[in-house]
Amino acid sequence: MKKKWLIGNWKMHGNLASNKALVGGILAAVPSLHEQVSIAVCPPFPYLYQLAELTRDTYLGFGAQNVSDHLQGAYTGETSPLMVKELGGSYAIIGHSERRQYQGENDGLMGRKALAAIDAGLIPVICVGETAEERDSGRTHEVLARQLDAAFGYIRTAHDKIILAYEPRWAIGTGIAATPEIVQSEHEFLRQRIAIRDKAFAAKLPIVYGGSVKSSNAASIFSMPDVDGGLIGSAALNAQEFVTIYGELLKAIVPANS
Ligand code: PEP
């Protein structure tokens, strides 16, 4: 059985008190983790140190929502993946659609950031996904292929610590998740596209889905064979919701009747 992943993207939310309550709520509700699952949360940069403290000696991992494509240098306002790593972080979300939309990030930058994250010892969570307009005009696969090829033009498929996230932009923060059938079909497409480069790597690559996952739709999405977990936005800000989503992920590993 392949491992499953649950990653919370807190976006630009939180403060010292609410972060503490949120992490405390998760750890209280899930004191120990199923061995085949990894859970992490990605707070805004200023709270990484707090997360390092709050998650010390627990199973809960943490990461950044973005990193620089450089490891060090005169890049004012940027954060090196090495700094995230030094604080004990394990992950970096790369190429999130909100960064593409509001910060002008492009495919090439995503690839360079993924490479920098890997070089720093972080696991990049590489986000790909089409807009509503791209889907409606039948260009979803063209866009996904372009984004994937750009990222994998920089990183090596031999590296076994990479997570791919299918995050259709039209499903992010809209409350309208992709149907389980769409998720499965696009995950399958992504896996096949990677398999052109490296079949064994493609089979092992974790592909998680993100876009309006909540406790009410998590089960149907996680039950799809090519879904290896979730990248959760808004629902990750509520401990009860996040923990219930974790419970649905567990059911995908251990069916109720087994
Ligand atoms: C995200 O920000 O990565 C995300 C999936 O957001 P939401 O779950 O709120 O759609």
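Every value quoted in this text rests on a predicted model; they were computed, and no experiment measured them. Worth knowing before you read on, the calculation uses all heavy atoms, side chains too, and leaves out hydrogens, waters and symmetry mates.
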Legend entry - Note, His70 side chain near Glu78 side chain (heavy atom, < 4.5 Å): no
Inset, instruction - To the nearest 0.5 angstrom, please state how far the NE2 atom of His13 sits from the OG atom of Ser18. - result: 10.5 Å
Inset, instruction - State whether the number of non-hydrogen atoms from other residues, nucleotides or ligands found under 6.0 Å of Lys3 atom NZ is greater than 12. - result: yes
Inset, instruction - State whether the side chain of Ser212 and the backbone N or O of Ala171 hold a donor-acceptor pair below 3.5 Å, judged by distance alone. - result: yes
Legend entry - More than 12 heavy atoms of other groups within 6.0 Å of Lys11 NZ: yes
Inset, instruction - With the side chain counted from C-beta on, respond yes when Arg56 and Glu53 share a heavy-atom pair under 4.5 Å apart, and no when they do not. - result: yes
Inset, instruction - For the pair Glu241 (side chain) and Ser215 (backbone), establish whether a donor and an acceptor sit closer than 3.5 Å, ignoring hydrogens and angles. - result: yes
Inset, instruction - I would like to know whether Arg139 and Glu130 meet salt bridge (Lys or Arg N to Asp or Glu O under 4.0 Å); could you show each step before the answer? - result: CA-CA 8 Å; Arg139 292 190 291 129; Glu130 78 287 3; over 6 Å; no
Legend entry - Short N-O contact, Glu105 and Lys113, less than 4.0 angstrom: yes
Inset, instruction - With the side chain counted from C-beta on, respond yes when Asp149 and Arg197 share a heavy-atom pair under 4.5 Å apart, and no when they do not. - result: yes
Inset, instruction - Output yes when a side-chain donor or acceptor of Thr179 lies under 3.5 Å from a complementary backbone atom of Ile182, and no otherwise. - result: yes
Inset, instruction - Would you kindly confirm whether Leu87 and Val67 end up in one hydrophobic cluster when ILVMFWY residues are joined by side chain heavy atoms under 4.5 Å apart? - result: yes
Legend entry - Salt-bridge criterion met for Asp228 and Arg191 (N-O under 4.0 Å): yes
Inset, instruction - Quick one: do Ser185 and Glu188 satisfy side-chain hydrogen bond (donor to acceptor under 3.5 Å, both in side chains)? Show the steps, please. - result: CA-CA 5 Å; Ser185 139; Glu188 210 176 314; over 6 Å; no
Inset, instruction - Say whether Val243 and Leu51 are linked into one hydrophobic cluster, either directly or through other cluster members, by side-chain heavy-atom distances under 4.5 angstrom. - result: yes
Legend entry - From CG (Asp226) to NZ (Lys2), nearest 0.5 Å: 7.0 Å
Inset, instruction - Show your reasoning for whether side-chain contact (heavy atoms from CB on, under 4.5 Å) applies to Phe242 and Leu6. - result: CA-CA 9 Å; Phe242 194 61; Leu6 192 63; 3.9 Å; yes
Legend entry - Close side-chain approach of Glu167 to Val208, heavy-atom, < 4.5 Å: no
Inset, instruction - May I ask whether Val125 and Leu122 are part of the same hydrophobic cluster, defined by side-chain heavy atoms of I, L, V, M, F, W, Y residues being less than 4.5 angstrom apart, directly or through others? - result: no
Inset, instruction - Would you name the heavy atoms of Ala114 and Ile126 that are closest together and state the gap between them? - result: CB-CD1, 3.9 Å
Inset, instruction - Measure the shortest side-chain to side-chain distance between Arg169 and Gln101 over non-hydrogen atoms and say whether it is less than 4.5 angstrom. - result: yes
Inset, instruction - Please report the shortest heavy-atom distance between Pro43 and Trp10, naming the atom on each side. - result: CB-CE3, 3.5 Å
Legend entry - Under 3.5 Å donor-acceptor, Gln50 side chain and Leu16 backbone: yes
Legend entry - Atom pair CD/CG of Glu98 and Asn9 - distance to nearest 0.5 Å: 7.0 Å
Inset, instruction - Give a yes or no on whether the backbone of Ala235 and the side-chain of Lys214 come within a donor-acceptor separation of less than 3.5 Å. - result: no
Legend entry - Shared hydrophobic cluster for Ile39 and Leu164 (ILVMFWY, side-chain gaps under 4.5 Å): yes
Inset, instruction - Please answer whether the main-chain N or O of Gly95 pairs with a side-chain N or O of Arg100 as donor and acceptor at a distance below 3.5 Å. - result: yes
Inset, instruction - On the 0 to 90° scale, with breaks at 30° and 60°, tag the Trp5-Tyr91 ring pair as parallel, tilted or perpendicular. - result: perpendicular
Legend entry - Closest heavy-atom pair and its distance - Lys85, Ala120: CG-O, 3.3 Å
Inset, instruction - Show your working on side-chain contact (heavy atoms from CB on, under 4.5 Å) between Asn66 and His96 and close with a plain yes or no. - result: CA-CA 8 Å; Asn66 172 43; His96 191 281; over 6 Å; no
Legend entry - Which atom of Asn106 lies closest to which atom of Leu109, heavy atoms considered: OD1-N, 2.9 Å
Legend entry - More than 12 heavy atoms from other groups under 6.0 Å of OH on Tyr49: no
Legend entry - 4.5 Å side-chain heavy-atom contact, Phe201 and Asp160: no
Inset, instruction - Look up atom CD in Gln184 and atom CD1 in Ile207, then write down how far apart they are to the nearest 0.5 Å. - result: 9.5 Å
Inset, instruction - Output, in order, the C-alpha distance, side-chain angles, deciding distance and verdict of side-chain contact (heavy atoms from CB on, under 4.5 Å) for Lys199 and Lys204. - result: CA-CA 9 Å; Lys199 224 170 165 178; Lys204 284 187 302 181; over 6 Å; no
Inset, instruction - Check whether any side-chain heavy atom of Pro124 sits under 4.5 Å from a side-chain heavy atom of Ile163, and report yes or no. - result: no
Legend entry - Polar side chain donor-acceptor pair, Ser220 to Asn217, under 3.5 angstrom: no
Inset, instruction - Check the side chains of Glu134 and Thr131 for a donor-acceptor pair under 3.5 angstrom, ignoring hydrogens and angles. - result: yes
Legend entry - Over all atoms of both residues, closest heavy-atom pair of Val128 and Leu148: CG1-N, 4.4 Å
Legend entry - Minimum-distance pair of heavy atoms, taken over all atoms of Cys42 and Ala64: SG-O, 4.0 Å
Inset, instruction - Working to the nearest 0.5 Å, report the span between CD of Gln65 and CD1 of Ile93. - result: 6.0 Å
Legend entry - Cationic N near anionic O, under 4.0 Å, Arg156 to Asp198: no
Inset, instruction - Using only heavy-atom distances, determine whether the side chains of Gln72 and Ser80 contain a donor-acceptor pair under 3.5 Å. - result: no
Inset, instruction - Fit a plane to each ring of Tyr209 and Tyr166, take the angle between them on a 0 to 90° scale, and name the class: parallel (under 30°), tilted (30 to 60°) or perpendicular (over 60°). - result: tilted
Inset, instruction - Decide yes or no on side-chain contact (heavy atoms from CB on, under 4.5 Å) for Val30 and Tyr59, but give the supporting numbers first. - result: CA-CA 10 Å; Val30 182; Tyr59 61 78; 3.3 Å; yes
Inset, instruction - Please examine the side chains of Val37 and Ile253, heavy atoms only from C-beta on, and report whether any two atoms are closer than 4.5 Å. - result: yes
Legend entry - Intermediate values then yes/no, side-chain hydrogen bond (donor to acceptor under 3.5 Å, both in side chains), Gln240 and Thr244: CA-CA 6 Å; Gln240 185 54 52; Thr244 307; 3.2 Å; yes
Inset, instruction - Find out if a path of hydrophobic residues (ILVMFWY) with successive side-chain heavy-atom gaps under 4.5 Å connects Ile123 to Ile194. - result: no
Inset, instruction - Rounded to the nearest 0.5 Å, what's the gap from CD1 on Ile94 to CD1 on Ile155? Could you check? - result: 9.5 Å
Inset, instruction - Output yes when a side-chain donor or acceptor of Thr174 lies under 3.5 Å from a complementary backbone atom of Trp170, and no otherwise. - result: yes
